[in-house]
Visitor: 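This is the structure I have questions about; it appears just below.
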Number of protein chains: 4
Amino acid sequence: MSEKFLTKRRVEFCETDAAGIVHFAAFLCYMEQAEHEMLRSLGVSVMETQADGSHISWPRVRVDCEYLGPARFEDILDIEISVSRMGNSSVTYKFEFIHEKTVIAKGTVIAVCCLLSPGTPMKSVTIPKKILEGLRRFATTDANGNAGS
Amino acid sequence: MSEKFLTKRRVEFCETDAAGIVHFAAFLCYMEQAEHEMLRSLGVSVMETQADGSHISWPRVRVDCEYLGPARFEDILDIEISVSRMGNSSVTYKFEFIHEKTVIAKGTVIAVCCLLSPGTPMKSVTIPKKILEGLRRFATTDANGNAGS
Amino acid sequence: MSEKFLTKRRVEFCETDAAGIVHFAAFLCYMEQAEHEMLRSLGVSVMETQADGSHISWPRVRVDCEYLGPARFEDILDIEISVSRMGNSSVTYKFEFIHEKTVIAKGTVIAVCCLLSPGTPMKSVTIPKKILEGLRRFATTDANGNAGS
Amino acid sequence: MSEKFLTKRRVEFCETDAAGIVHFAAFLCYMEQAEHEMLRSLGVSVMETQADGSHISWPRVRVDCEYLGPARFEDILDIEISVSRMGNSSVTYKFEFIHEKTVIAKGTVIAVCCLLSPGTPMKSVTIPKKILEGLRRFATTDANGNAGS
């Protein structure tokens, strides 16, 4: 049985646009912020610098977002995250944004665990065991046992 | 025979993040800006205010983006847009971002033609004929004749 | 004796830039968000819509910011606000950003109380009494009794 | 006799807010982008990486901005830059934003020439001679001959 990671987010004024609603690109930042909060809740430092100056980073390889209703300045959004797939080096997150019990947006993010060292190109690495175990808590039943990145 | 709308965009510093590359959410703004430029090229004012204070707006109902390679500060990106579907009130745009002849990102945006009047909820309307005719120029062969949305 | 309004803010990844630190423009958003939080703490709705569709808004007429040290991803910043001047329709806020007991930035915002009605130009109005009384709590000793804007 | 560096900028939709105008923080990004464009016009690479992975960067130590009138989506702004002071390692830029012959905003940026090396704290350095000579072209008559930072 899996659980969802739950957090909240208030819409800030700088995130709205001249249509009077949250700009659609802001939802991608909301997703990233919620993901980072979830990782912190697992005791994982999102951007831990190693002795050699390198660090783990999670670039996105794919995102999507469906907009089902508007969000406005000062609205408080409930955000739910689950892990729908875990590969060797990649994680697929599913997000739901809920305002006053109505789902107003749904999104997907595929992030890849990468090592960033000064002066060398970013490269994907196997997700550290500690992180993998933490993520399993939020994994849907079909998220495990997948091969490949 | 369709053509693509072509434009260019230089990466600005405020669009980069601490991983040293363009933040993934910035690509959604790039798509929107390129779309608006395309509409302007068709003689369409993107947010024309009517006498009663109402205006046409194009909220997004769905976006996706695949990230195939990084973009960095001051990179010049070639952006190509085509129209892959035209419905009654919705348009589906396909975007490709190219840096030095390599596709670094691909995206899709579904926008809906809406009327925004002060004090009333936004509602979708039939795309004005002038805009529809303009968009046809960039439509792929299978984009037309679709009913619905 | 005045007090300061205190709040906290965690640096999000999308607020950093390729120099590895918070982008300087993000501090203006931090100031605005802290100001709105302070107004909410006073029971003031920042953008309350009236029956005729008009609402109070607080456009800025002047801002400044001094950057004394960097802030980085996931840093938690303490933000302190005081009101250094109250005019008829304008308020001057002073901000301090503190990270691990060091002031890393200082800013000033002058906001003007305006009425925004659909279809008419924005115009400045006298600050409603309820808001003025709330703000007084955070006013420095020399902030009152000023005439003018 | 000095001249001003002139450029133009169209307001993008994502830069507006729910008050229907350009968000005040966006002007800081406009200033930075115009400054980078000016530096490029002088043949200066803004973020040139050296062989050891270090590079010159220009963090801001102070900014201010006065807002005299609104800018709206699709407005084309004329931006004028002059150099009002050149120190050993710092430059003070003055900006004016003009829309349809009216100055709608004025700003100041003080940037410091710094060397960023991986794993070491940022430190200010003397502005390279080539850049200093380029900037002199846009310097107001009282900008030179100053000692200090």
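Residue numbering restarts at 1 for every chain, and letters A, B, ... go by the order of the sequence lines.
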Visitor: Does the pair V63(B) and D64(A) meet the rule for a side-chain contact (heavy atoms from CB on, under 4.5 Å), with working shown?
Guide: CA-CA 6 Å; V63(B) 299; D64(A) 64 52; over 6 Å; no
Visitor: Where does L68(B) contact chain A at under 4.5 Å (heavy atoms): side chain, backbone, both or neither?
Guide: neither
Visitor: A cation-pi test, strictly: NZ or CZ of R60(A) under 6.0 Å from the centre of the six-membered ring of Y67(B) and no more than 45 degrees from its axis. Yes or no?
Guide: no
Visitor: Is chain B contacted by the side chain of I21(A), its backbone, both, or neither, given a heavy-atom distance below 4.5 Å?
Guide: side chain
Visitor: Quick one: pull up CZ in R62(B) and CZ in F24(A) and give me the separation to the nearest 0.5 Å.
Guide: 13.0 Å
Visitor: Do E66(A) and V61(B) pass the side-chain contact (heavy atoms from CB on, under 4.5 Å) test, and can you show the C-alpha distance, the side-chain angles, and the key distance before you say yes or no?
Guide: CA-CA 6 Å; E66(A) 261 182 282; V61(B) 292; over 6 Å; no
Visitor: Counting heavy-atom pairs closer than 4.5 Å to chain B, which one of A26(A), C65(A), P70(A), A25(A) comes out on top?
Guide: C65(A)
